[in-house]
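Scope of the values below: all heavy atoms of this structure, side chains included, with no hydrogens, waters or symmetry mates.
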Amino acid sequence: MLKIKEGDTVRIIAGKDKGKEGKVLEVHAKSNRVTVEGVNIISKHVKPSASNQAGGIIEQEAPIHISNVMYLADGVPTRVGFTYEGENEKGKPIKKRVAKKTGKVID
């Protein structure tokens, strides 16, 4: 289970976009990468097609490694941990994400 999820606000802590913040658009669990809004912009050359008549060069976000982002809890970068709260109807413990710096439950 990854500690960063789609929709989280994160800060970039390494690389060319260090210090930027954005919302996670996609999580690629198999490759341990995330796509963050407005970060790691690349130029992609696109051939003309039925959906894109003109083609040309478009700019889009590319995935970055999950180790280069840090979760933002109330505007403060923090590590993410897990805790167990109660049990579900089948008797399994309920796993929750927790901000290490503040101790608040994320979701």
Next on the checklist: Keeping Thr35 on the side-chain end and Ala62 on the backbone end, is there a donor-acceptor pair under 3.5 Å?
Outcome noted: no
Checklist entry - What residues form a side-chain contact (heavy atoms from CB on, under 4.5 Å) with Lys95, not counting sequence neighbours? => result Met1, Phe82, Tyr84
What's in the same ILVMFWY side-chain cluster as [X], cut-off under 4.5 Å, chained through other members?
X	result
Val80	Leu2, Ile4, Val10, Ile12, Val24, Val27, Val34, Val36, Val39, Ile64, Ile66, Val69, Tyr71, Ile106
Ile41	none
Leu72	none
Ile13	Met70

Which residues satisfy the salt bridge (Lys or Arg N to Asp or Glu O under 4.0 Å) test with [X], sequence neighbours excluded?
X	result
Lys20	Asp17
Lys3	none
Lys5	Asp107
Glu61	none

Can you name the nearest heavy-atom pair linking [X] to [Y], along with the distance?
X	Y	result
Asn68	Ala14	OD1-CB, 3.6 Å
Pro77	Lys101	O-NZ, 3.4 Å
Ala99	Thr78	CB-CG2, 3.8 Å

Next on the checklist: With a 6.0 Å cut-off (strictly less than), is the heavy-atom count around NZ of Lys18, excluding the residue itself, greater than 12?
Outcome noted: no
Show every salt bridge (charged side-chain N to carboxylate O under 4.0 Å, His left out) that has at least one partner inside [range], sequence neighbours left out.
range	result
residues 42-55	none
residues 27-42	none
residues 64-85	Asp74-Lys104

Checklist entry - How many angstroms lie between atom CG of Leu25 and atom CD of Gln60, to the nearest 0.5 angstrom? => result 11.5 Å
Item to check | Rounded distance [0.5 Å steps], CD in Glu87 versus NZ in Lys92 | outcome: 11.5 Å
Next on the checklist: With side chain to side chain contact (heavy atoms under 4.5 Å, CB included) as the criterion, how do Asp8 and Arg97 come out once you've worked through the C-alpha distance, each side chain's angles and the decisive distance to 0.1 Å?
Outcome noted: CA-CA 12 Å; Asp8 287 348; Arg97 291 191 303 161; 2.8 Å; yes
Checklist entry - With a 4.5 Å heavy-atom cut-off, do Pro48 and Gln53 have their side chains touching? => result no
